[in-house]
Amino acid sequence: MKETVYFYQFLEPLSRELSMLAKELETSIFSSPRTMLTHTRVFIETILQKVMEQERLPVEPQMGLKDRLDLLNDRGYLTPEIRDALHLVRMNGNKAAHDVRRFRYSEALLSWEALYEIVKWYVEVYGPIEVQVPDYQDPQPQKKQSFDMTELEVRLKGLEELLRNPPQSPLEPDAKKEVAVSIEVPFQETEMPGFTTIRTLMYKNLKLEIPYFLRDSFLLPQRFAKSELFLIRLGAEQQARIMSELPKNLEGLHLHVKRYSDKNTEIFFHELKTFIEEEKVRRKLTLERPGELFFFYKDQHLVVTEHLAKVRLASAEFIGIPSLLRQLNEDQIETVGQLPQELVILAKYENVGVGTVEKLFEQIKLKADTNQVMNEDDEEEGKVESRKSYKKWESLFVHVTHGNTKTVIRGESVPSLWKEALQWIEAQKLPLASFVHDGITLGATDIGNRYAIALQPVHKNQKPFSQMHIYESSLTEQTYYLETKINPKSGLETLRKIFTMLGVDVEIPLLEQSDQ
């Protein structure tokens with residue numbers, strides 16, 4: 001079979017490796033803009049290295065991309081246009097390597113155009129005379145099918161059902177309306193592939209819809225905090241290992257194992273609902289940001305940049321988890337980028353619990369937040385500033401007084417502090433539920449469009465929570481959604497407001513220091 005022609009195939013006479021790298025960059029523009037932007041730096045650095053070799057310029061062992069660019073520019077080898085194109089590719093690559101935000105196709109296309117100008121200059125000045133550079137061409141997105149064939153079949157059947165039983169007119173007789181209401185239509189409009197309902201599970205009078213992308217998903221016991229042992233026991237009996245093994249009606253599931261009751265099945269059903277909601281958030285994230293690498297821990301996630309992936313799993317970088325670090329290193333997992341995407345499975349290690357894994361996740365997240373503002377040019381300056389900025393907030397705490405009892409509530413992060421505070425509030429039987437029902441606005445006042453805590457993960461302006469945690473209320477048995485993509489100061493201001501509303505005396509030294 002003849003190999004598919006790609007745009008930079010004309011570079012093969014100069015360097016097959018360079019041409020193949022260009023091919024991979026081209027295919028990644030639409031699958032992962034971050035990957036394309038990050039690795040384009042290597043491409044242009046290779047070109048500059050070849051130029052310096054041909055010009056016989058001195059090369060220092062630690063010379064980086066910017067050093068090569070500045071040297072060639074100072075010696076007059078670069079035109080202003082090529083110099084600017086090189087800087088554009090370099091700076092976009094630096095941002096992609098450090099910044100956790102979503103990168104757009106348009107940014108990758110800008111670097112792709114700049115890359116063409118650089119390659120054209122290099123070939124015309126330093127390449128063989130017989131090599132002709134073709135006119136610029138925009139890359140084409142890879143054609144792909146949005147829906148899997150099985151899911152598409154379900155959707156088509158749903159559409160056919162709608163054709164056979166269209167929505168009834170309001171003017172029709174009541175009897176016909178009752179018949180129409182009794183018809184179940186399996187088709188739903190959905191913006192993303194994988195979200196079509198493939199099954200509906202029942203428990204007593206409750207229903208739980210299973211989306212297509214989860215039909216054969218593995219039910220990892222560690223994802224079900226209250227049902228972990230129950231699922232392990234069921235798994236030993238070849239029950240409830242994957243979603244498709246679950247019966248349509250979950251009543252009686254506990255009968256497969258000894259010493260478990262219907263209450264265990266009920267708890268599992270509610271945890272399964274939470275699991276599905278978390279998986280939907282993850283699915284949307286991976287579809288909206290293709291090619292990105294994420295770490296997931298329960299209902300949280302973070303983007304793994306190239307910079308973060310290189311951080312070593314050592315006691316010098318991560319504190320308070322020596323046993324986990326030692327066992328990871330023994331399994332040849334030595335950097336952050338080598339960790340499994342689902343971090344909760346690390347609890348499998350000896351003497352490692354969920355709390356230890358959470359410590360690791362929170363420390364990785366702190367490193368991600370710290371490194372986000374850095375780039376290659378101002379790395380040293382950025383390190384100093386980030387240390388100053390985060391040092392004050394590395395341990396979050398509040399002093400509360402209720403009656404004759406004084407308590408210090410601590411947390412390693414905003415989410416952990418909030419959860420500790422919510423548990424304390426409920427232990428005091430304070431009327432928190434009414435405030436959560438209306439939604440608690442983020443910050444020191446009630447002015448603003450973002451909720452800090454609400455019964456649904458949607459802000460006042462109808463935008464979904466950017467990053468959320470889930471808190472199960474022990475008093476109301478409701479799920480509280482916490483918006484956690486905020487800075488520590490806003491988190492503490494919100495807590496101070498909540499305690500004040502509940503009539504609790506509160507002192508937060510960190511806020512007092514920041515106001516000075």
State whether the side chain of [X] and the backbone N or O of [Y] hold a donor-acceptor pair below 3.5 Å, judged by distance alone.
{"X": "Lys95", "Y": "Phe103", "answer": "no"}
{"X": "Gln222", "Y": "Ala347", "answer": "no"}
{"X": "Glu237", "Y": "Val257", "answer": "no"}

[X]: which of [options] passes side-chain hydrogen bond (donor to acceptor under 3.5 Å, both in side chains):
{"X": "Arg41", "options": "Asn94, Thr46, Asn92", "result": "Asn94"}
{"X": "Thr441", "options": "His459, Lys460, Arg450", "result": "Lys460"}
{"X": "Arg282", "options": "Gln341, Glu342, His301", "result": "Glu342"}

Can you tell me if [atom1] on [X] sees more than 12 non-hydrogen neighbours from other groups inside 6.0 Å?
{"X": "Lys226", "atom1": "NZ", "result": "no"}
{"X": "His399", "atom1": "NE2", "result": "yes"}
{"X": "Glu507", "atom1": "CD", "result": "no"}
{"X": "Glu60", "atom1": "CD", "result": "no"}
{"X": "Glu350", "atom1": "CD", "result": "no"}

Nearest non-hydrogen partners of [X] and [Y], listed with the distance:
{"X": "Leu325", "Y": "Ser315", "result": "CD1-N, 3.7 Å"}
{"X": "Leu422", "Y": "Ile453", "result": "CD2-CD1, 4.2 Å"}
{"X": "Leu246", "Y": "Arg199", "result": "O-NH2, 2.7 Å"}

Assess whether a salt bridge exists between Arg283 and Glu279, defined as any Lys/Arg side-chain N lying under 4.0 Å from an Asp/Glu carboxylate O.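 Result for this pair is no, no salt bridge flagged.
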Step through it carefully: locate the ring centre of Tyr481, locate the ring centre of Phe465, and say whether they are under 6.0 Å apart.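 No - the distance between ring centres of Tyr481 and Phe465 does not fall below the 6.0 Å cut-off.
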Could you tell me how the ring of Phe213 sits relative to the ring of Phe195: parallel (under 30°), tilted (30 to 60°) or perpendicular (over 60°)?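 Tilted: the ring planes of Phe213 and Phe195 meet at 30° to 60°.
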For residues 291-300, dump all side-chain donor-acceptor pairs below 3.5 Å to protein atoms at least two apart in sequence or in another chain.
unit_1: Glu292; atom_1: OE1; unit_2: Arg34; atom_2: NE; d: 2.4
unit_1: Glu292; atom_1: OE1; unit_2: Arg34; atom_2: NH2; d: 3.4
unit_1: Glu292; atom_1: OE2; unit_2: Arg34; atom_2: NE; d: 3.3
unit_1: Glu292; atom_1: OE2; unit_2: Arg34; atom_2: NH2; d: 3.4
unit_1: Tyr297; atom_1: OH; unit_2: Val354; atom_2: O; d: 3.2
unit_1: Asp299; atom_1: OD2; unit_2: His469; atom_2: N; d: 3.1
unit_1: Asp299; atom_1: OD2; unit_2: Ile470; atom_2: N; d: 2.5
unit_1: Gln300; atom_1: OE1; unit_2: Lys365; atom_2: NZ; d: 3.0
unit_1: Gln300; atom_1: OE1; unit_2: His469; atom_2: NE2; d: 2.3
unit_1: Gln300; atom_1: NE2; unit_2: His469; atom_2: NE2; d: 2.7

